Amino acid sequence: MATWSSYLRIALPVPSALAAMMRTDRVLAAWLRTRRALSMSPVQLAARRANMWRKLQPVIARTPALANYAGRDLAEFPVTDIADLRADYGAWNSLGMSDEELRGLAAAAEQGTAVGELSAGWSTGTGGGARGLFLASPAERADYIGQSLARLLPARALLKRQRLALHLRASNALYSDVGRGRFTFAHFPLEASIEQSVAELAQFEPTILIAPPHRLAAFAQAWAHFPSLQYLFCGSEPAGEAECHFFTKRLGVRPRQIYQATEGFLAAECANGRLHLNDHALAIELEPVPGTPGYRPIITDLRRTSQPIVRVRGDDYLELDACSCPCGFAGRVIHAPQGRVSDIWRFEGRAVTPPQVVAALEAELGGDKIWQAEAGPERVVLHLSPPCPDANSTPISTPSATTAARALSQACDLPVPVEVVHDLSAWSGPKRRKVVWRDG
């Protein structure tokens with residue numbers, strides 16, 4: 001799955017007291033706006049989005065890729081695939097910066113070079129290696145922080161001192177800007193060993209931890225103990241329900257999922273465990289995926305101004321959750337994404353979706369096993385941990401592997417054979433893809 005993202009930071013100069021105060025005011029304003037939106041009806045949210053769209057038109061007029069459509073209804077704008085946006089970032093910013101300049105900023109960020117208050121960076125990238133460039137001003141980062149705090153934490157949490165640990169590939173200004181006032185921020189890179197990360201996190205004593213599921217799985221396998229931890233969030237890649245159950249059992253705190261992409265902060269899980277689209281700040285159209293009950297998102301971020309995102313087609317496979325949520329937020333509820341549209345298994349006359357694959361294998365293997373299911377037109381290969389795995393994975397016996405392969409074949413009514421290979425001792429790279437389609 002390509003969309004849960006982290007961004008490299010361009011270091012900021014130490015702000016003046018006035019600048020810091022202005023940033024705090026912006027964060028508070030964004031928090032208040034978001035909290036009000038959480039109690040709005042669907043009709044009120046639609047009116048809010050329409051008003052935000054009108055206010056965005058001057059920014060659109062300054063964005064080369066969109067300028068010819070400024071002033072029109074959103075539906076009249078073309079839908080753009082992410083690959084086309086990434087081909088020329090100069091056309092997709094309102095600051096008059098060229099593609100070369102923006103790529104230079106992102107490259108400087110990788111070296112930790114300070115270039116002012118504008119932040120740019122590269123997303124973690126997909127399992128295929130593609131990365132997106134992200135651009136944000138201080139005002140946009142303040143807005144992001146305010147939205148995030150309102151969506152992820154109860155108001156009472158803001159009255160206490162919090163230690164936020166971000167365990168992603170790289171730090172970024174979107175998160176590190178939180179490290180003021182009652183919040184202490186620290187970044188823990190994914191490149192570190194599990195043992196080193198556990199030791200350093202234990203020393204930091206986080207009350208809030210944000211990490212990708214494959215690292216939470218490693219922490220859980222290692223029986224890591226973080227006694228001060230109160231809020232646990234997972235993002236950057238999919239996590240199955242059984243897997244989240246395993247994290248809760250081992251780490252003592254139930255993880256809540258954050259659905260974030262280079263294209264925007266798309267959804268967050270409420271206190272009732274339901275994943276709501278951020279319909280208060282984005283216009284997300286759901287494009288039906290042929291042969292499935294699901295959709296792919298077409299994303300318009302109504303608050304992004306440096307790098308406007310208007311009708312950008314994502315690759316995540318989404319399914320709506322028909323059950324209502326008692327939390328009161330009218331944002332649409334979706335099931336947690338389990339993979340990409342491009343990783344739907346397509347056999348002659350039928351499709352098998354990532355959620356079907358995850359459900360079938362988790363029902364048999366549970367949430368504590370490492371696996372990857374890779375399909376093609378002629379076979380499915382189920383990659384499992386070897387008989388003698390490393391310390392951070394759980395072995396899968398041959399009978400269990402055979403049973404899992406049979407269960408996958410039956411549950412998904414596969415027209416091709418399932419082959420089991422014991423070659424997946426640990427996940428490598430900043431992201432994992434559990435469900436893969438390769439058409440040759």
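All of these numbers come straight from a predicted model, not from anything done at the bench. The first residue of the sequence shown is numbered 1, and numbering continues consecutively from there.
Of all heavy-atom pairs between Leu365 and Ser400, the closest is CD2-O, 4.4 Å. Here the closest non-hydrogen pair linking Pro293 and Tyr317 is CD-OH, 3.4 Å. In this structure, Leu45 and Ala37 approach most closely via the heavy-atom pair CD2-O, 3.8 Å. In this structure, Leu209 and Leu201 approach most closely via the heavy-atom pair CD1-CD2, 4.2 Å. Residue Phe246 comes nearest to Ala217 through the heavy atom pair CE2-O, 4.2 Å, listed as atom of the first residue, atom of the second, then distance.
Judged by distance alone, the side chain of Thr80 and the main-chain N or O of Val312 form no donor-acceptor pair under 3.5 Å. Side chain of Glu319 to main chain of Tyr295: no donor-acceptor pair is present (N/O by atom type, distance under 3.5 Å, no hydrogens or angles). Between the side chain of Thr63 and the main chain of Ala65, no donor-acceptor pair closer than 3.5 Å is present. Looking at Ser119, its side chain does come within 3.5 Å of a backbone N or O of Ala136 through a donor-acceptor pair. Of the possible donor and acceptor atoms, one in the side chain of Gln221 sits under 3.5 Å from a partner among the backbone N and O of Asp368. In this structure, Arg379 contributes its side chain and Val418 its backbone to no donor-acceptor pair below 3.5 Å. Formation of a donor-acceptor pair under 3.5 Å by the Arg250 side chain with backbone atoms of Ala220 is found in this model. With Arg346 contributing its side chain and Ala351 its backbone, the two residues share no donor-acceptor pair below 3.5 Å. Of the possible donor and acceptor atoms, none in the side chain of Gln338 sits under 3.5 Å from a partner among the backbone N and O of Pro354. Between the side chain of Asp88 and the backbone N or O of Gly90 there is at least one donor-acceptor pair closer than 3.5 Å.
In terms of the side-chain hydrogen bond (donor to acceptor under 3.5 Å, both in side chains) criterion, residue partners of Arg332 (sequence neighbours excluded) are, by chain and number, Asp279. Residues meeting the ring pair (Phe, Tyr, Trp, His ring centres under 6.0 Å) test with Phe219, sequence neighbours left out: His167, Phe226. In this structure, the side chain to side chain contact (heavy atoms under 4.5 Å, CB included) partners of Gln162, at least two apart in sequence or on a different chain, are Ala157, Lys160, Phe183, Thr207, Ile208, Tyr231. Here Ser409 pairs with nothing under the side-chain hydrogen bond (donor to acceptor under 3.5 Å, both in side chains) rule; sequence neighbours left out. Taking the side-chain hydrogen bond (donor to acceptor under 3.5 Å, both in side chains) definition, one finds that Thr300 meets it with nothing, sequence neighbours left out. Under the rule for a side-chain hydrogen bond (donor to acceptor under 3.5 Å, both in side chains), the partners of Asp81 that lie at least two apart in sequence or sit in another chain are Arg313. Remark: Ala373 engages Trp345, Val357, Leu361, Trp371, Leu382 in a side chain to side chain contact (heavy atoms under 4.5 Å, CB included) (not counting sequence neighbours). For Glu364, the side chain to side chain contact (heavy atoms under 4.5 Å, CB included) partners at least two apart in sequence or on another chain are Thr403, Ala404, Ala407. With sequence neighbours excluded, the residues satisfying side chain to side chain contact (heavy atoms under 4.5 Å, CB included) with Ala411 are Ala360.
With rounding to the nearest 0.5 Å, the separation of CG in Asp423 from CD in Gln372 is 8.5 Å. Rounding to the nearest 0.5 angstrom, the gap separating the CD1 atom in Ile309 from the OG1 atom in Thr262 is 8.5 Å. Atoms CG and CE, on Leu102 and Met97 in that order, are 4.5 Å from each other to the nearest 0.5 Å. Lys369 NZ to Leu424 CG: the interatomic distance, rounded to the nearest 0.5 Å, is 13.5 Å.
Among pairs with a residue in residues 300-310, those fulfilling salt bridge (Lys or Arg N to Asp or Glu O under 4.0 Å) read Asp143-Arg303, Asp301-Arg304, at least two apart in sequence or across chains. Within the structure, no pair that satisfies the salt bridge (Lys or Arg N to Asp or Glu O under 4.0 Å) test touches residues 406-415, not counting sequence neighbours.
For CD of Glu241, the number of neighbouring non-hydrogen atoms (other residues, nucleotides, ligands) closer than 6.0 Å is 12 at most. The local environment of NE2 in His245 is sparse, with at most 12 non-hydrogen atoms from other residues, nucleotides or ligands closer than 6.0 Å.
At a threshold of 4.5 Å between non-hydrogen side-chain atoms, the residues Leu74 and Val310 count as touching. Residues Arg215 and Ile194 have side chains in contact (heavy-atom distance under 4.5 Å, counting atoms from C-beta outward). Glu101 places none of its side-chain heavy atoms less than 4.5 Å from the side chain of Leu105. Side chains of Pro337 and Pro238 form no contact here, defined as non-hydrogen atoms less than 4.5 Å apart. Looking at heavy atoms from C-beta onward, Leu135 lies in side-chain contact with Leu118 at the 4.5 angstrom threshold. Taking 4.5 Å as the limit, every side-chain heavy atom of Glu374 sits out of range of all side-chain heavy atoms of Trp437. For the pair Val421/Glu419, a side-chain contact is recorded, criterion being any heavy-atom separation below 4.5 Å from C-beta on.
Side-chain atoms of Gln260 and Tyr144 form a donor-acceptor pair, as typed in the model, at a separation below 3.5 Å.
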Residues 265-278, side-chain donor-acceptor partners within the protein, below 3.5 Å, at least two apart:
{"from": "Glu269", "atom 1": "OE1", "to": "Gln257", "atom 2": "N", "distance (Å)": "2.9"}
{"from": "Glu269", "atom 1": "OE2", "to": "Arg254", "atom 2": "NH1", "distance (Å)": "2.4"}
{"from": "Glu269", "atom 1": "OE2", "to": "Arg254", "atom 2": "NH2", "distance (Å)": "3.0"}
{"from": "Arg274", "atom 1": "NE", "to": "Asp321", "atom 2": "OD2", "distance (Å)": "3.3"}
{"from": "Arg274", "atom 1": "NH1", "to": "Ser324", "atom 2": "O", "distance (Å)": "2.9"}
{"from": "Arg274", "atom 1": "NH2", "to": "Asp321", "atom 2": "OD1", "distance (Å)": "3.3"}
{"from": "Arg274", "atom 1": "NH2", "to": "Asp321", "atom 2": "OD2", "distance (Å)": "3.1"}
{"from": "Arg274", "atom 1": "NH2", "to": "Cys323", "atom 2": "O", "distance (Å)": "2.6"}
{"from": "His276", "atom 1": "ND1", "to": "Gly331", "atom 2": "O", "distance (Å)": "2.8"}
{"from": "Asn278", "atom 1": "OD1", "to": "Arg151", "atom 2": "NE", "distance (Å)": "2.7"}
{"from": "Asn278", "atom 1": "OD1", "to": "Arg151", "atom 2": "NH2", "distance (Å)": "3.3"}
{"from": "Asn278", "atom 1": "ND2", "to": "Phe265", "atom 2": "O", "distance (Å)": "2.9"}

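Taking the six-membered ring wherever Trp is involved, the centroid distance between the rings of Phe204 and Phe188 falls below 6.0 Å.
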**Prompt:** Can you check side-chain hydrogen bond (donor to acceptor under 3.5 Å, both in side chains) on Ser197 and Glu200, steps first, answer last?
**Reply:** CA-CA 5 Å; Ser197 294; Glu200 292 179 350; 5.6 Å; no
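Just one residue in the list Arg433, Lys431, Lys434, Arg432 forms a salt bridge (charged side-chain N to carboxylate O under 4.0 Å, His left out) with Glu237, and that residue is Arg432.
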